[in-house]
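Only a predicted model underlies this, so the values are computations on that prediction, with no experimental measurement involved. So that the names make sense, note that chain A is the first sequence line, chain B the second, and so on, each numbered from 1.
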Protein chains: 2
Amino acid sequence: MKDIAELSGVSIATVSRVLNNNGRFSEETKEKVLKVIEETGYQINYSAKTLRMNKSFSIGILVPDITNLFFANVVEQIEEILFDKGYSTIICNTARDAKKEKAYLSVLVSKLIDGLIIISGADDFEFEHQSAKKEIPYVCIDREPKDKDRTIFISSNHYQGAFEATENLIANGVKHPAIVLHKKSSSSSKERFSGFKDALKKNNIDFSNEENTLFFHTNKQENKTLLKNFVNDHPDTDGLFTVNDNIGLDIILFLKELNIDVPKDIKIIGFDNVPTCEYSNPTLSSIKQDTEKIAKKAVSSLIKLIDGQTEDKGKIYLLPVQLIERESSKLQ
Amino acid sequence: MKDIAELSGVSIATVSRVLNNNGRFSEETKEKVLKVIEETGYQINYSAKTLRMNKSFSIGILVPDITNLFFANVVEQIEEILFDKGYSTIICNTARDAKKEKAYLSVLVSKLIDGLIIISGADDFEFEHQSAKKEIPYVCIDREPKDKDRTIFISSNHYQGAFEATENLIANGVKHPAIVLHKKSSSSSKERFSGFKDALKKNNIDFSNEENTLFFHTNKQENKTLLKNFVNDHPDTDGLFTVNDNIGLDIILFLKELNIDVPKDIKIIGFDNVPTCEYSNPTLSSIKQDTEKIAKKAVSSLIKLIDGQTEDKGKIYLLPVQLIERESSKLQ
DNA sequence: TTGTAAGCGTTATCAC
DNA sequence: GTGATAACGCTTACAA
């Protein structure tokens with residue numbers, strides 16, 4: 001800027017005004033300055049700007065696993081919107097590791113990020129606003145904040161999705177549905193669980209943990225055995241709602257090995273609508289989340305908070321989901 | 001820092017020394033200062049540090065599409081290694097848009113990033129080092145740099161992978177192999193193309209663009225027609241090497257509709273080894289890139305450049321790939 | 001409409 | 001060992 005000022009024969013202050021279009025300069029100087037800027041290929045120094053303005057024009061995103069397609073889609077779309085608004089995004093892959101999450105939060109605070117978007121995660125999110133510093137606005141996607149009044153919570157309607165999936169199974173003739181899920185569960189999979197249970201209740205099917213739930217681990221081989229035992233112990237089972245598509249897809253393979261036909265013997269519906277659903281055999285029915293809406297809502301909510309509009313604080317946005325029917329749940 | 005200094009009764013300079021472990025302070029002061037820091041929950045201000053040191057402790061990554069699993073894997077691993085080394089990563093999703101790429105580069109320069117990692121992309125990468133500023137070190141993954149002497153190029157051995165895939169098809173009885181690829185091609189898909197051609201040559205199979213190549217577009221329906229026409233025009237075709245798995249997986253579905261059996265009538269091998277390969281029917285053989293090695297090599301190379309070690313500049317690292325045989329290419 | 005200068009939170013040089 | 005202090009590049013209040 002000093003160079004620009006000298007080359008165009010004005011003061012540094014004027015250069016700054018022109019750069020930020022703050023008014024208080026003549027058309028003539030403006031052109032002079034912009035010309036020099038053009039020629040020199042000047043690039044603003046954001047550190048200095050940040051230091052001075054206490055605003056970094058960057059937003060942090062905390063995501064458990066960027067290789068998960070659902071997350072990747074949301075992140076991609078958030079990033080695009082933010083980019084258009086002049087913010088850059090710092091994507092932090094926490095690898096579902098609480099320690100790493102803490103470390104990242106600390107780095108983000110140090111970088112004076114203007115806002116934070118939290119995507120999913122094992123337990124409720126807590127932001128320990130260190131010291132009396134300016135509080136950093138944040139919004140949560142698919143993960144409940146501990147401090148609900150301070151932030152905005154955006155989530156797909158997991159309950160509704162699970163409910164619809166289960167009712168669809170029943171409508172297609174399933175008499176003994178079961179849910180397959182992981183033991184340690186996020187707020188969203190808890191919602192899915194209760195959607196499943198309520199659908200049974202509504203359809204007068206008794207629910208018991210023993211008969212209607214199967215808990216998977218993370219190891220594939222182990223899960224294969226768990227499934228085998230489950231269908232042995234509960235041979236009536238004729239429909240499975242799997243808490244996500246990865247589980248559903250694995251089960252399709254497992255059942256093939258057990259010579260159990262999908263959908264004739266057992267119907268399956270997953271959750272997330274990952275691309276693989278279209279390539280499996282049979283193709284996997286699933287619940288599709290509206291990643292675009294989620295991303296848009298998250299960004300607009302966050303921007304509001306950043307701009308000091310507090311009227312949405314404490315709000316919860318539940319976004320609708322959509323059942324995508326494919327072969328795995330079809331009536332024969 | 002000022003507060004810390006006052007609270008612990010030392011000068012700001014001393015606090016800085018303790019924080020950075022620069023020596024020139026007594027054990028006693030150290031403890032005193034660290035205690036206060038602990039209590040106050042002090043967080044360093046990176047903007048100030050960056051401004052002063054002209055070093056930002058952050059690295060930019062340019063990636064065409066974060067929802068592509070191969071890219072996501074590489075990015076994830078790069079991020080993890082960098083995090084352990086105290087760098088934070090700014091992931092820039094260029095969406096294969098040259099304009100956006102330019103815009104991002106400009107932002108990254110403004111943020112004084114210490115280094116840059118470029119992943120893939122349509123054409124050779126050019127970094128127009130603006131003005132006489134400090135030059136930013138960068139390394140390229142799967143994308144050739146224009147200015148080869150300035151940087152380090154890391155790539156899977158796409159040529160070898162394509163060569164092996166093609167030879168494997170031939171070894172399994174394929175007499176009339178064809179390659180399926182996109183018209184506008186990156187440096188890596190060019191390599192794959194020439195690996196394919198050379199494998200034909202070595203096995204005394206004549207190559208012609210007309211008989212042995214099929215160019216796909218981006219539209220799925222269109223591609224289905226293209227494939228249909230191709231197998232009509234060239235009914236001898238009994239093996240396809242698809243330049244990536246997404247094409248291969250689509251073709252499996254298309255051929256099913258055409259009542260052409262895979263692998264009996266036509267054998268297929270893809271490239272990238274995406275997870276879906278294991279779920280399709282038949283499962284898709286593929287070439288697996290070693291994302292871990294790629295990530296490690298990229299980071300270590302970049303760090304060397306950042307540290308001013310120039311002896312590796314201009315080097316090219318070709319990393320081995322691995323054929324994963326599944327049902328789609330098996331001999332019956 | 002323009003210029004001067006203080007100050008943002010660090011690090012690094014120098015003096016003690 | 002420790003402390004003053006200049007400087008990094010920018011914005012902005014105030015003066016002109």
Side-chain angles (χ1 to χ4, degrees), chain A residues 1-34 36-37 40-58 86 106-114 130-134, chain B residues 1-34 36-37 40-58 86 106-114 130-134:
Chain A
M1 263 175 75
K2 204 172 143 197
D3 297 345
I4 307 286
E6 277 170 18
L7 285 169
S8 44
V10 297
S11 73
I12 296 182
T14 303
V15 176
S16 172
R17 292 196 196 100
V18 171
L19 272 169
N20 297 295
N21 229 324
N22 275 338
R24 303 168 154 270
F25 50 81
S26 69
E27 190 60 29
E28 193 190 358
T29 20
K30 179 182 170 181
E31 278 170 21
K32 216 165 37 181
V33 172
L34 286 181
V36 177
I37 286 175
T40 53
Y42 162 82
Q43 305 260 16
I44 198 184
N45 180 322
Y46 266 106
S47 311
K49 188 172 183 141
T50 299
L51 179 59
R52 176 60 225 238
M53 297 185 70
N54 204 23
K55 180 163 168 52
S56 65
F57 310 93
S58 46
S106 165
V107 171
L108 291 173
V109 171
S110 288
K111 296 217 164 183
L112 298 180
I113 49 159
D114 301 327
Q130 22 268 321
S131 69
K133 280 278 173 188
K134 137 181 122 156
Chain B
M1 262 176 75
K2 205 170 143 197
D3 297 346
I4 308 287
E6 275 169 20
L7 285 168
S8 44
V10 298
S11 72
I12 296 182
T14 303
V15 175
S16 174
R17 291 195 196 100
V18 170
L19 273 169
N20 297 294
N21 230 323
N22 276 336
R24 302 170 153 270
F25 51 80
S26 68
E27 189 60 30
E28 194 189 357
T29 21
K30 179 182 169 178
E31 278 170 21
K32 217 167 33 181
V33 172
L34 287 180
V36 177
I37 287 175
T40 53
Y42 161 82
Q43 304 260 17
I44 197 184
N45 181 322
Y46 267 106
S47 309
K49 189 174 182 135
T50 299
L51 178 59
R52 176 60 226 235
M53 297 184 70
N54 204 24
K55 182 165 167 52
S56 64
F57 311 94
S58 44
S106 164
V107 171
L108 290 173
V109 170
S110 287
K111 295 218 163 181
L112 299 180
I113 49 159
D114 301 328
Q130 24 267 321
S131 69
K133 281 276 174 188
K134 138 181 122 156

Review item, side-chain donor-acceptor pairs of residues 14-24 of chain B, under 3.5 Å, at least two apart:
| from | atom 1 | to | atom 2 | distance (Å) |
| --- | --- | --- | --- | --- |
| B:T14 | OG1 | B:S11 | OG | 3.2 |
| B:N20 | OD1 | B:K49 | NZ | 3.2 |
| B:N20 | ND2 | B:S16 | O | 3.0 |

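The side chain of B:V10 has D:dG3 as its nearest neighbour among C:dT11, D:dG3, D:dC10. Nearest to the side chain of B:K49, among C:dT11, D:dG9, D:dT11, sits C:dT11. Side-chain proximity of A:Y42 to D:dC10, D:dT12, C:dT11: nearest is D:dC10. Of the candidates D:dT11, C:dT10, C:dT2, C:dT2 carries the atom nearest the A:R24 side chain, counting heavy atoms from C-beta on.
Atom-to-atom, NZ of B:K55 to P of C:dT11 comes out at 13 Å; the value is rounded to the nearest Å. The CG atom of A:L19 sits 15 Å away from the C1' atom of D:dT12 (whole-angstrom rounding). The interatomic distance linking B:F57 (CZ) with C:dT10 (C1') rounds to 11 Å, in whole Å. Going from atom CG of B:N22 over to atom C1' of C:dT13 covers 13 Å, rounded to whole Å. Nucleotide C:dT10 holds its P atom 13 Å from the CE atom of B:M53, rounded to whole Å. Atom CG of B:L112 and atom C1' of D:dG9 are 10 Å apart (whole Å). Taking atom CG of B:N45 as the reference point, atom P of C:dC8 lies 12 Å away to the nearest angstrom. Across the protein-nucleic acid pair, A:N54 atom CG and D:dT12 atom P stand 12 Å apart, rounded to whole Å.
Under the ring pair (Phe, Tyr, Trp, His ring centres under 6.0 Å) criterion, A:F25 pairs with no residue at all, not counting sequence neighbours. For A:S8, the side chain to side chain donor-acceptor pair (under 3.5 Å) test picks out no residue, with sequence neighbours left out. B:T50 pairs by the side-chain contact (heavy atoms from CB on, under 4.5 Å) definition with A:S47, B:S56, B:L112, not counting sequence neighbours.
One distance of note links CZ of A:F57 with OG of B:S110; it measures 11.5 Å at 0.5 Å rounding. Remark: A:K55 NZ to A:I113 CD1 distance equals 11.5 Å, nearest 0.5 Å. The CD1 atom of B:I12 sits 8.0 Å away from the CD atom of B:E6 when rounded to the nearest 0.5 Å.
At least one side-chain heavy atom of A:Q43 sits under 4.5 Å from a side-chain heavy atom of B:S106. Looking only at side-chain heavy atoms (C-beta outward), A:K30 and A:L34 come within less than 4.5 Å of each other.
Proximity of B:Y46 to the phosphate of D:dC8: no side-chain N or O atom is located under 4.0 Å from OP1 or OP2. Phosphate contact (OP1/OP2 of D:dT11, side-chain N/O of A:N20, threshold under 4.0 Å): present.
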Give me the distances for all protein-to-nucleotides 4-7 of chain C N/O pairs that come in under 3.5 Å?
| from | atom 1 | to | atom 2 | distance (Å) |
| --- | --- | --- | --- | --- |
| C:dG7 | N2 | A:R52 | NH1 | 2.9 |

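Taking both residues in full, the closest heavy atoms of A:V33 and A:V10 are given as CG2-CG2, 4.0 Å, listed atom of the first, atom of the second, then distance.
End-to-end axis angle for the helix from C:dT1-D:dA16 to C:dC16-D:dG1, using five pairs per end and rounding to 10°, comes out at 40°.
No engagement by B:T50 is indicated, since no non-hydrogen atom pair under 4.0 Å with the nucleic acid exists. Using a 4.0 Å heavy-atom criterion, one finds that A:S26 contacts the sugar-phosphate atoms exclusively.
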